[in-house]
Amino acid sequence: MTQTNNMILDVKDLRATVNNIPILKGVNLQVQKGEIHAIMGPNGSGKSTFSKVIAGHPSYTQTGGEIFLNNEEISDLEPEVRALQGIFLAFQYPIEIPGVSNTDFLRLAYNMHQKSKGREELDPLTFLNFLIPKLKIVGIDQSFLTRNVNEGFSGGEKKKNEILQMALLESSLSILDETDSGLDVDALRTIAAGINKLKSPENAIILITHYQRLLDYITPDFVHIMENGKIISSGKAELAQKVEVLGYDWLKS
Ligand code: ADP
Ligand code: MG
């Protein structure tokens with residue numbers, strides 16, 4: 001297929017191994033500006049691996065295929081460079097960073113992005129004034145800012161913190177891996193509302209989710225089912241509802 005200016009992510013026949021074990025076995029996916037895609041599939045089907053290979057995680061080896069981000073091949077780029085070029089990955093299991101305050105961490109990340117775009121870096125006070133209104137997007141209390149990154153945060157708080165990062169960095173492609181897992185319904189609603197607010201005609205979002213429930217709050221434009229390292233079926237939002245009722249088995253060949 002020819003590339004258009006609206007293409008944010010174009011993944012062609014992506015293959016990858018972990019510890020020499022083939023996990024991704026030829027994934028194709030095209031994501032355009034303004035779209036939300038959901039990737040669903042049973043545990044162990046390769047969803048998290050896919051997100052990490054796109055982000056350039058060093059534990060995963062790309063053994064074939066191509067990844068275009070905004071029409072540029074990024075397979076050989078370091079993860080930091082990919083992030084600066086517009087990929088944001090919210091991990092399924094966000095890490096804790098003892099000794100680093102959340103504000104300092106967020107400011108560092110923000111300023112790296114500012115610098116790479118040739119924009120002004122913000123001093124701590126200016127950054128704080130910029131940051132505080134964004135806390136409302138995800139319903140995070142100001143007291144979180146002085147705490148160490150994710151240290152002692154509940155599952156829901158860690159996930160909100162990831163969405164806060166997403167709000168700050170304004171990446172062109174955000175990949176949210178199981179952002180809904182372990183959330184009670186209030187946290188789920190808050191996070192979903194936050195994600196909906198961050199959707200824009202200029203960016204794209206990939207939601208990786210095992211369950212359909214997140215999609216009750218965020219309507220995806222496309223749903224893809226991953227199974228054994230491949231996308232075995234793609235459709236509209238109805239596909240997720242069908243999976244909710246029927247499970248995944250009916251899709252297997
Ligand atoms: P999903 O996110 O769909 O549940 P994953 O991408 O986490 O699936 O895992 C796909 C397969 O890759 C599983 O069989 C898993 O055991 C394996 N795998 C993923 N990460 C690693 C790793 N770091 N080391 C070894 N095996 C891994
Ligand atoms: Mg996973």
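Atoms within each ligand, like the ligands themselves, are counted from 1 in listed order. Throughout, residue positions are numbered sequentially from 1 according to the sequence presented.
Counting heavy atoms closer than 4.0 Å to ligand 1, residue S59 contributes nothing at all.
Residue T49 approaches ligand 1 through these ligand atoms, each under 4.0 Å from one of its heavy atoms: 5 (P), 6 (O), 9 (O), 10 (C), 19 (C). Using a 4.0 Å cut-off to heavy atoms of N43, the atoms of ligand 1 that qualify are 4 (O). Atoms of ligand 1 lying under 4.0 Å from any heavy atom of S48, numbered from 1 in the order shown and given with element: 1 (P), 2 (O), 6 (O), 7 (O). Residue P42 approaches ligand 1 through these ligand atoms, each under 4.0 Å from one of its heavy atoms: 3 (O).
For atom 1 (P) of ligand 1, a protein heavy-atom neighbour is present inside the 4.0 Å cut-off. The presence of a protein heavy atom under 4.0 Å from atom 15 (C) of ligand 1 is ruled out.
When only non-hydrogen protein atoms are considered, atom 26 (N) of ligand 1 lies nearest to V18 CG1, 4.0 Å. Protein heavy atom at the shortest distance from atom 20 (N) of ligand 1 is Y60 OH, 3.3 Å. The nearest protein atom to atom 8 (O) of ligand 1, hydrogens excluded, is given as G46 N, 3.2 Å; this is a heavy-atom distance.
Remark: side-chain polar atoms of S171 are not paired, donor with acceptor, to backbone N or O of L173 under 3.5 angstrom. With hydrogens and angles disregarded, no donor-acceptor distance shorter than 3.5 Å links the side chain of N19 to the backbone of I21. Side-chain atoms of K47 come within 3.5 Å of backbone atoms of P42 as a donor-acceptor pair (strictly under, hydrogens ignored). Side-chain atoms of R213 come within 3.5 Å of backbone atoms of D180 as a donor-acceptor pair (strictly under, hydrogens ignored). R15 places no side-chain N or O within donor-acceptor distance of the main-chain N or O of G65, the cut-off being under 3.5 Å.
No single ILVMFWY cluster, assembled from side-chain heavy atoms under 4.5 Å apart, contains both F130 and M112. Under the 4.5 Å side-chain contact rule for hydrophobic residues, L89 and V81 share a cluster.
Shown are the protein N/O/S atoms under 2.8 Å from the Mg ion (ligand 2), given by residue and atom: S48 OG, Q92 OE1.
Nearest residue to atom 17 (C) of ligand 1 from I23, V53, N19 is I23 (criterion: closest heavy atom).
Taking the centre and axis of the six-membered ring of F144, the NZ or CZ atom of R147 falls inside the cone set by 45° and 6.0 Å.
Taking any N or O of G44, backbone or side chain, at least one lies under 3.5 Å from an N or O belonging to ligand 1.
Within the structure, the closest approach of S45 to ligand 1 falls below 4.0 Å when heavy atoms are considered. Ligand 1 lies nowhere less than 4.0 angstrom from a heavy atom belonging to F50.
Summarising the geometry of V53 relative to I67, their closest heavy-atom pair is O-CD1, 4.0 Å, with the distance given to 0.1 Å.
For N20, the CG atom sits in a loose shell: 12 or fewer heavy atoms of surrounding residues, nucleotides or ligands are nearer than 6.0 Å. The environment of NZ in K197 is crowded: more than 12 heavy-atom neighbours from other residues, nucleotides or ligands sit within 6.0 Å. Around atom OH of Y93, no more than 12 heavy atoms belonging to other residues, nucleotides or ligands sit under 6.0 Å away.
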Which atom pairs, one a donor and one an acceptor, fall under 3.5 Å between side chains of residues 226-247 and the rest of the protein, sequence neighbours left out?
unit_1	atom_1	unit_2	atom_2	d
N228	OD1	K25	NZ	2.7
S234	OG	H224	ND1	2.7

